[in-house]
Amino acid sequence: YKQKFFCEMCKKQCKDANGFKCHCNTEYHKQMMKLLTENPEHFIEKYSSEFESSFIQLLKRKYLNTPVDACKVYSQFAHDRNNVHLNSTKWTTLTSFLQYLANENKCELIKTDNGWNLLYSEDEKRFAKQV
């Protein structure tokens, strides 16, 4: 399945554009979208928090203390259908999310010739900003 045919509000994966269009016309989807429009900040924060937590759990579980290509981690993360999709969060790009993690000292972000590497460690002092 292609992620672009996934409705985060309804947790519904559709096979193609036509299936997604049909889903968007259902009463359930319309009710869920009404909830979203009534309090968008709540849902964006909720999805952002879930995304971040699940992403960090993957880093912790598979790559603790090991530098790893950020795109590789994201690809593994995105293959789990139960994870929140990046486009449902407050981050518009993977890079902006990675920079957020680094700025919040949740991991180290290392620029390489091939892109970004992430290093996750449970030693909180490791990423403390130098003052």
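These numbers come from the heavy atoms of this one structure, side chains and all, not from hydrogens, waters or symmetry mates.
- Contact between Leu58 and Val73 at its shortest, heavy atoms only, is CD2-O, 3.6 Å.
- Aromatic pair Phe97/Phe55: centroids less than 6.0 angstrom apart.
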*Given Tyr63 and Gln76, is the side chain to side chain donor-acceptor pair (under 3.5 Å) satisfied, shown in steps?*
CA-CA 12 Å; Tyr63 303 107; Gln76 291 175 352; 2.8 Å; yes

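- The closest donor-acceptor contact from the side chain of Asn39 to the backbone of Leu35 lies at 3.5 Å or more, if one exists at all.
- At distances below 3.5 Å, not a single donor-acceptor pair connects side-chain atoms of Ser88 with backbone N or O atoms of Leu86.
- Residues passing the salt bridge (Lys or Arg N to Asp or Glu O under 4.0 Å) test with Lys46 are Glu50, sequence neighbours excluded.
- For the pair Asn83 (side chain) and Phe77 (backbone), a donor-acceptor distance under 3.5 Å is present.
- Glu8 contributes a side-chain N or O that, together with a main-chain N or O of His85, makes up a donor-acceptor pair within less than 3.5 Å.
- In this structure, the side chains of Glu52 and Trp91 come closer than 4.5 Å at one or more pairs of heavy atoms.
- Note on residues 66-79: no pairs pass salt bridge (charged side-chain N to carboxylate O under 4.0 Å, His left out), not counting sequence neighbours.
- Cation-pi geometry between Lys90 and Tyr100 is met: under 6.0 angstrom from the ring centre, within 45 degrees of the axis.
- Across all their heavy atoms, Leu119 and Pro67 have their closest contact at CD1-N, 3.6 Å.
- Phe5 and Lys15 get closest at one heavy-atom pair: CD1-O, 3.9 Å.
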*Please assess Thr66 against Val68 for the test side chain to side chain contact (heavy atoms under 4.5 Å, CB included), listing each intermediate value before the final yes or no.*
CA-CA 6 Å; Thr66 306; Val68 61; 5.5 Å; no

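- When all heavy atoms are compared, the tightest approach of Tyr47 to Lys11 is CE2-NZ, 3.7 Å.
- Ring orientation note: the planes of Phe20 and His29 are nearly perpendicular, at an angle over 60° on the 30°/60° scale.
- Using a distance-only test at 3.5 Å, with no hydrogens or angles considered, a donor-acceptor pair links the side chain of Ser48 to the main chain of Ile44.
- At a threshold of 4.5 Å between non-hydrogen side-chain atoms, the residues Leu64 and Leu59 do not count as touching.
- Between the side chain of Ser54 and the backbone N or O of Phe51 there is no donor-acceptor pair closer than 3.5 Å.
- Taking all atoms of both residues into account, the shortest heavy-atom contact from Trp116 to Thr112 is N-OG1, 4.4 Å.
- When all heavy atoms of His79 and Ser75 are compared, the pair lying nearest together is ND1-O, 2.6 Å.
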